Student: 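Take this structure first; my questions come after.
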Amino acid sequence: MRATENQGSFLNRISIRRNQVVSMEGNHEQELDDLEIFQKHVADRFSNLLSSSSSSPEESAATAATSSDSLLSIAWLRKLLDTFLCCEAEFKALLIIGREPSQVSKPPLDRLVPELLDRVVKALDVCNAVTHGVDAVRHCQKLAEIAVSALGQRPIGDGQVRRAKKALNSLIAAMAIEDRDGSAGSKGTERAWSFGRRGSSAAGASGSNKDQATAQFRSMWWGMAKGWSAAKQVQAMSANLVAPRGNESSGLAHPVYIMSTVVVFVMWALVAAIPCQERTGLATHFQVPRQLGWAQPIIGLQDKIAEEWKKKEKKGTAGLLEEMQRLERLGQSLVEFADSFRFPAEAEKLEEVAAQVAELAETCRRMEEGLVPLQQQIREVFHKVVRTRTEVLEVLDQVGKVSSTPTM
Amino acid sequence: MEGLKSANQTQEGKQHIMAAALHLTKALVASDYLPEDMKKIFTDLDTHLSSMAVIAEPKGGLEFSELEQRLKLAEEKVGAWMSNQLMAWDSGHNEASRHFKVIEEIQSLMESLRALTSEYEFGKPMELLRRAESLLQTAMTRLEEELVHVLHQHKQYFEPEYMSFRSCGSDVTFDESFASVEEESPEEASQRNSTGSEPDDHLVDLIQPNVVPHLKSIAKMMFASDYGQEFCQAFVKARKEALDEYWATLGMDTFSIEDVLKMGWKSLNYEMKRWTWIMKIIVLVYLPSEKRLCDQILGDFGSFSPRCFVETSKATMVYLLNFGEAVAMGNHKTEKLFRLLDMYEVLADLLLDIDTLPFEEAGCYVQNEFHELLGKLGDCTRATLVEFRRAITSNTSTTPFAGGSIHPLTKYVMNFIKTLAEYVDTLNVLLKDQDEEEDPNSVFEMHNDIEDGSSSTCSPVAYHLRSITSTLESNLNNRSRLYKDGALQLVFLMNNINYIVQKVKDSKLGPFFGDAWIREHIARVQQQATGFVRISWSSALSLIRSDDGHALPRAIFKERCRAFSFAFEEVYRNQTGWLVPDSKLREDLQISISQRVIHAYRNFTGRNSNDERHIKYTADDLENFLLDLFEGSPRSLQNSRRK
């Protein structure tokens, strides 16, 4: 695991330096250095993400070319989470290791740190929602795999085409319903219905295909409370996120702000990419002041993803995850093929289908490879964040013990 | 039927002719008496005839036409099946097995046709194979519907009767303000014990057992036809819905982590109880039954059974896991301690059962995380215990507790640790590795342990409980200093320490504290009682004590009588207002006062019996007045006399 290694080394280095700081009392230069290094690392890491995501998911999904880590692909999300884990570890080192606890409880940190912890708790719920979302994506992968194995038969006959179509219709209906839950656009609803109808009339003997597919995804239990909304959660996380100004901007207030921004951005990106409960209103993303140097790559990514989201809203497609977009595009195209299929198919058409099936198979392979580690990584983020929260609370608790003298 | 037969015969006839032609052509090509150009023509003809692929070897041709015949028959049967609205299972066993036979027939047809088509890329065998595949797809789709139908129609739920969830109305409330001093309700204690006895065989039938063989046959058919993925999709979907429904019938709400962290104690208490309850049902009964069902139906298909099991149950288990995480992340308020211990105990008990479920096998992180959760719940419990002691220490006051009676803190703490002792095994595990450095009484404790020597006094729990009471005692000592009156100070300490000792003696706490501890504390109360009598009565006694045993001069006697009555009234007025709730302790005090004071008074009045009109109270009067002491209602002898 790349992330873990990095973390270890960061922790070591930072903690050694911090001890030096403590021993050389009041060495502000060293402290300033640490803050600058943190900013620089955050900027560098997100720059890497930005440069690796040169092609948009829509562009890359529209081409058969498989650049494996394009924006919002599984591989890219895993990089994003790696980045998050590195920033988190470095931030923790900066905030608490070797530091006098009282520093963390002085204004404005006495307000900023609890606000960060509050955000962090909200992030945990986002992690959980997204973890369930990955299972929903896996479900789509399984349906696509049925189509791949059916259409992989040679020569293609009516039975296999119908088999593939049934699976793909379920897939598309699932995505459309997911989309309805996700963006609640009237287009989404209409789409789900029309796909469903097409599916059911064409599926013939299989009967109420649409209802089945609808029920199938309804039954996907998100494991979240009723009425819980991923979009609202992300909005609440960014609600009181303000860049420190004036005197406040010196010292630890700034890294706390940076970390908050990173948390909010990463959660926002996860919710945009992976299906999860209630995403209406996600497009109104939070503002990061454009003059901040370290924030440029994050703003760049934010703009790119927001643009993708706008396109998505217009088209009513499901989710921004690159692989899901691919499944959707290929699924729709193959269903069209299946609808007009008469044996024997033209050689030219067959070639085209073979290429699409190969791409679908490749996408499934990448999902098979990437989704389980992605889910584990989300869990890792969850646990790391829980641990940091506990450690920060312990520090605050120490301060509280010294200062408070409760009476009955 | 007649027409069909003749059509077949015509078909067969054609095939014979074609076969003969091909045979002849091949023979001509093989011969060497033809000129080259003629040979070329026949070679082309041979290729052409072969590519028509209507004929193989004459034997193959026969076989082929027979296959086509069988396929037609199968098509008719499937057609009839499709037109039947009833599901096979509902139409009876024969109907179902007829359908399975058709599918087997299609499978075997496809196998034969594949063997033939390996020789011919195009043509008739291929066409038949396509027809067979299409027929199979139709049959499989229908079979999938059948599967879903049976799974839904024959699912069963079980009522968790023997582990019914009690509402938490009759709960002992332990709150941070130490205001609630209710004794533990007997139900609470019995409830804990009753949860220990569960039936050995937890497995239930989640699907009516009589349809399980049918489902297994469907699985067999679908897997044999390479429709295993479709089977699993439909199976998991139906089972997941069943679990969701069951979850809803159990009345479970879902909460986000934020919800749990913001939850008020009353709701949280309720939800924590529900968690321990539902964990047992899900892990001990539901999931093992689900696993058995998966194994019964999918056991022959390798990893499909664990995979379907995990896909079905994962979301539920992850929810239970996350609720536990949220609780372990919460604050360490004392009130949570017992619920935390409940959760810890249940999870510790269930880990082995979780391990036998095939999560790991299917690459799911759930199992590991439950192990980690146990550690986190343990940490949280320990932190809560530390917080409890901190709460005792920091529970201070600036005004003395009126009447010198038993302080609510004492009652709270003792009732609390009495309940705590119920969790002895769990606490011993949790406290084993704890640092013992923080306790100031550890030297005394060591000494105590050696003297007593029994294992229960040496256990981590015993150590911890004693250290809690010693924290309490030092708090009480601090509080006693708030009294200006030294006697009242001692009454306060006596009352509270006596309460602690009685609680220890009269409950299961005894073995944790040991006889030495009890003896030592009883002795402390006795010392305090002696000291108390001395402090309260020394000045009064000095008035009536005689060094030489002679009668006093009248004037002095008169003065002493007056002064003694006054002193007695003073003490009486004070100490009737003080409260010693323990009747035994109260009587002991009264007796010991009587022994010292009344006895001396009898001597005093006896020695000066010639001048009785100065004696305001007889010894018997005083004896009776002593009974009014420590009742907690201030009285005055002047008042009572006026009445």
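Below, chains carry the letters A, B, ... as their sequence lines are ordered, and counting in each starts from 1. No experiment lies behind these values; they were computed from the predicted model shown. Heavy atoms only: backbone and side chains are in, while hydrogens, waters and symmetry mates are out.
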Student: Among side-chain atoms of B:Thr141 and A:Arg162, is any donor-acceptor pair under 3.5 angstrom?
Tutor: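 No pair is found: no donor N or O on one side chain lies under 3.5 Å from an acceptor on the other.
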
Student: Name the region of A:Gln233, side chain, backbone, both or neither, that has any atom closer than 4.5 Å to a heavy atom of chain B.
Tutor: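 A:Gln233 touches chain B through side-chain heavy atoms alone.
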
Student: Look at A:Asp135 together with B:Lys314 and state whether they make a salt bridge at an N to O cut-off of under 4.0 Å.
Tutor: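 Counted as a salt bridge, because a side-chain N and a carboxylate O are separated by less than 4.0 Å.
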
Student: With sequence neighbours excluded, what pairs up with B:Arg307 under the salt bridge (charged side-chain N to carboxylate O under 4.0 Å, His left out) test?
Tutor: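 For B:Arg307, no residue satisfies salt bridge (charged side-chain N to carboxylate O under 4.0 Å, His left out) once neighbours in sequence are set aside.
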
Student: Kindly give the heavy-atom pair with the smallest separation between B:Gln233 and A:Lys142, and that separation in Å.
Tutor: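 Taking every non-hydrogen atom into account, NE2-CB, 2.8 Å.
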
Student: Given a strict heavy-atom distance threshold of 4.5 Å, which part of B:Leu321 is in contact with chain A: side chain, backbone, both, or neither?
Tutor: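 The side chain, not the backbone.
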
Student: Tell me, side chain or backbone of A:Arg138 under 4.5 Å from chain B's heavy atoms, or both, or neither?
Tutor: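 When you check distances to chain B, no heavy atom of A:Arg138 falls under 4.5 Å.
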
Student: How long is the span from the NE2 atom in A:His132 to the OH atom in B:Tyr319, to the nearest 0.5 Å?
Tutor: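 One gets 10.0 Å once the value is rounded to the nearest 0.5 Å.
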
Student: Does atom CD of A:Glu351 have more than 12 heavy-atom neighbours, drawn from other residues, nucleotides or ligands, at distances under 6.0 Å?
Tutor: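 12 or below, so no.
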
Student: A:Ser149 and B:Gln229: which non-hydrogen atoms are nearest, and at how many Å?
Tutor: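 Scanning both residues completely, I find the closest heavy atoms to be OG-OE1, 3.8 Å.
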
Student: So, applying side-chain hydrogen bond (donor to acceptor under 3.5 Å, both in side chains) with A:Arg163, which one of B:Glu230, B:Gln137, B:Glu133 is it?
Tutor: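 Result: among B:Glu230, B:Gln137, B:Glu133, B:Glu230 is the only option passing the side-chain hydrogen bond (donor to acceptor under 3.5 Å, both in side chains) with A:Arg163.
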
Student: So do A:His383 and B:Glu369 actually touch side chain to side chain, heavy atoms under 4.5 Å?
Tutor: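 Counting from C-beta outward, B:Glu369 and A:His383 do come under 4.5 Å.
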
Student: Kindly say whether A:Ile156 contributes a backbone atom to a donor-acceptor pair with the side chain of B:Arg130 at under 3.5 angstrom?
Tutor: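 No; judged by distance alone, with no hydrogens or angles, the pair does not exist.
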
Student: For a quick test of reading the model, state the closest non-hydrogen atom pair linking B:Ile257 to A:Asp125 and the distance between them.
Tutor: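 So the minimum-distance heavy-atom pair works out to N-OD1, 2.7 Å.
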
Student: Who pairs with B:Glu245 by salt bridge (charged side-chain N to carboxylate O under 4.0 Å, His left out), at least two apart in sequence or on another chain?
Tutor: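 Result, salt bridge (charged side-chain N to carboxylate O under 4.0 Å, His left out) vs B:Glu245: B:Lys155.
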
